[in-house]
Amino acid sequence: MDIRLTNSRTRKKELFRPIDPTNVRLYVCGPTVYDRAHLGNARPVLVFDVLFRLLRHVYGEGHVTYVRNFTDVDDKINATALARKEAGAPGTLEELVRERSDETIGWYHADMDALGALRPTHEPRATAYIGEMIAMIAGLIESGHAYAAEGHVLFAVDSYAGYGALSGRSVEDMIAGARVEVAPYKKNPMDFVLWKPSTDDLPGWNSPWGRGRPGWHIECSAMSHALLGDTFDIHGGGNDLLFPHHENEIAQSACAHPEGEFAKVWLHNEMLQVEGKKMSKSLGNFFTVRDLLEQGVPGEVIRFVMLSTHYRKPMDWTAEKAREAEATLRRWRKFTASADESSSADRTVVLALCDDLNTAGAIAALHEIYKTGGPHDLKQSAQLLGLLTPEMGGWYDGKASASAEELIEHALNVRAEAKAAKDYATADAYRDLLNRAGVIVNDTKERTTWEIGPDFDPSILEENM
Ligand SMILES: Nc1ncnc2c1ncn2[C@@H]1O[C@H](COP(=O)(O)OP(=O)(O)OP(=O)(O)O)[C@@H](O)[C@H]1O
Ligand SMILES: [Zn+2]
């Protein structure tokens, strides 16, 4: 089975050939653990979860190594810890920093588990690889690619001819476009920090350049090297990380390990947007995965919506999409309720995923299987996308969801108003509609109640209201 992927480095869809088919290696930039993940942060998690599942399907479950890091060195984590300390929390600042990271990692796991994402093979924390980072930085200084100045160590971009190749920018463009930090100790304004000093009260590690902490970019270079080696297959992340983060990762890794190739294929997911702008903490236009789950949107519905758009296209979240996804999943879950594991994933679904991870095409293929195929086929094929799995089915118990409940209440109100206006034709039409959707309506003199029958299908309400 041939997999084709769009490599950001060549800007072409290429045939994927693993370096070692018995150990296909994937690295994805993980979250900075200072707060709850917003829905945008879930997009790379779900996209690369499907890639992980596809690679396991094609090369075998035990033949894929997936690394996704936790960035637990960060000013925003420090700021939270500092605020807690000022509010009288017990413990040293370092302990409070650790506490905040641990707590955020716990939330992250709970939220991403609820979306049905498999845990990666390794989830390294940056703080566990400081030694590797220091060694890598020392090597870069020795080979003339970095220099120490005023407690900082900087990467000299002039020393690496390939700088800018990933994002396709010239150094001049990058200077013009980026908000580069101008600092007196930089030889070139584009030079970026590998190591910086820490104040006494903030987390820091001893190094040849004094007590300090690593820059963000070197973390990923050191962790991917430690766990995946000089050359590995795929590096992923959101396209907001293309420049400078990934450009800098390449420069560091290529210069520290010139015998290797670092990542052969680069994959970037487009952004989840809100009114045309990237959902982000800094813009404040975000809601968290937990917010949605608490509003009663099932994790499986969130997953379905997120996978309905190809990863290289921007998308937004709408309540409408969630309602449609829920209706589809209800139909499919009902259809596959007694399906066993006697089938394997349908070829049409596998082929769609092999074509640059076309999850939207795979979902269209699932709709086709629902129409013309059997329940076993639908269930096994959907599981390749992490849908219709037993773990994700907790929400489906024949009860109406919050959004379906709204529709039912609305239909009953329209019916009551029509009755009051003696418009019996409309009132009857709504009663029929509710019946067809499998809602059992009980009228008494005092009031009307309703319950869900065994054939409840909210999509009938949606399509007719
Ligand atoms: N709106 C978005 N859509 C898709 N992916 C996103 C979005 N925002 C962030 N990401 C991705 O989430 C992952 C984790 O990023 P990180 O922890 O640095 O983000 P963050 O600090 O929460 O984000 P931000 O400040 O950008 O909101 C990265 O791979 C990043 O590309
Ligand atoms: Zn990274």
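As the structure lists them, so they are numbered: ligands from 1, and atoms in each ligand from 1.
- Inside a sphere of radius 2.8 Å centred on the Zn ion (ligand 2), the protein N/O/S atoms present are C29 SG, C220 SG, H245 NE2, E249 OE2.
- If you look at ligand 1, the protein residues with a non-hydrogen atom under 4.0 Å away are C29, P31, T32, Y34, H38, G40, N41, R43, P44, G238, D240, L241, N269, E270, M271, L272, K278, M279, S280, K281.
- Relative orientation of the H245 and H217 rings is tilted, given thresholds of 30° and 60° on the angle between their planes.
- Side chains of T288 and D291: a donor on one and an acceptor on the other come within 3.5 Å.
- With 3.5 Å as the limit, one finds a donor-acceptor pair spanning the side chains of N69 and Y27.
- The stretch residues 130-157 participates, sequence neighbours left out, in these ring-ring contact (aromatic ring centres under 6.0 Å, His included) pairs: H152-Y185, F155-F192.
- The ring pair (Phe, Tyr, Trp, His ring centres under 6.0 Å) check on Y108 picks up F70, with sequence neighbours excluded.
- Taking the six-membered ring where the residue is Trp, the centroids of F232 and F262 are separated by under 6.0 Å.
- In the model, N7 has a side-chain atom that pairs as donor or acceptor with a side-chain atom of E14 under 3.5 Å.
- At a cut-off of 3.5 Å, with distance as the only test, no side-chain donor of T389 or Q383 sits close to an acceptor on the other residue.
- Checked against Y311 for a side-chain hydrogen bond (donor to acceptor under 3.5 Å, both in side chains), the options T359, D356, N358, N239 give a single hit: D356.
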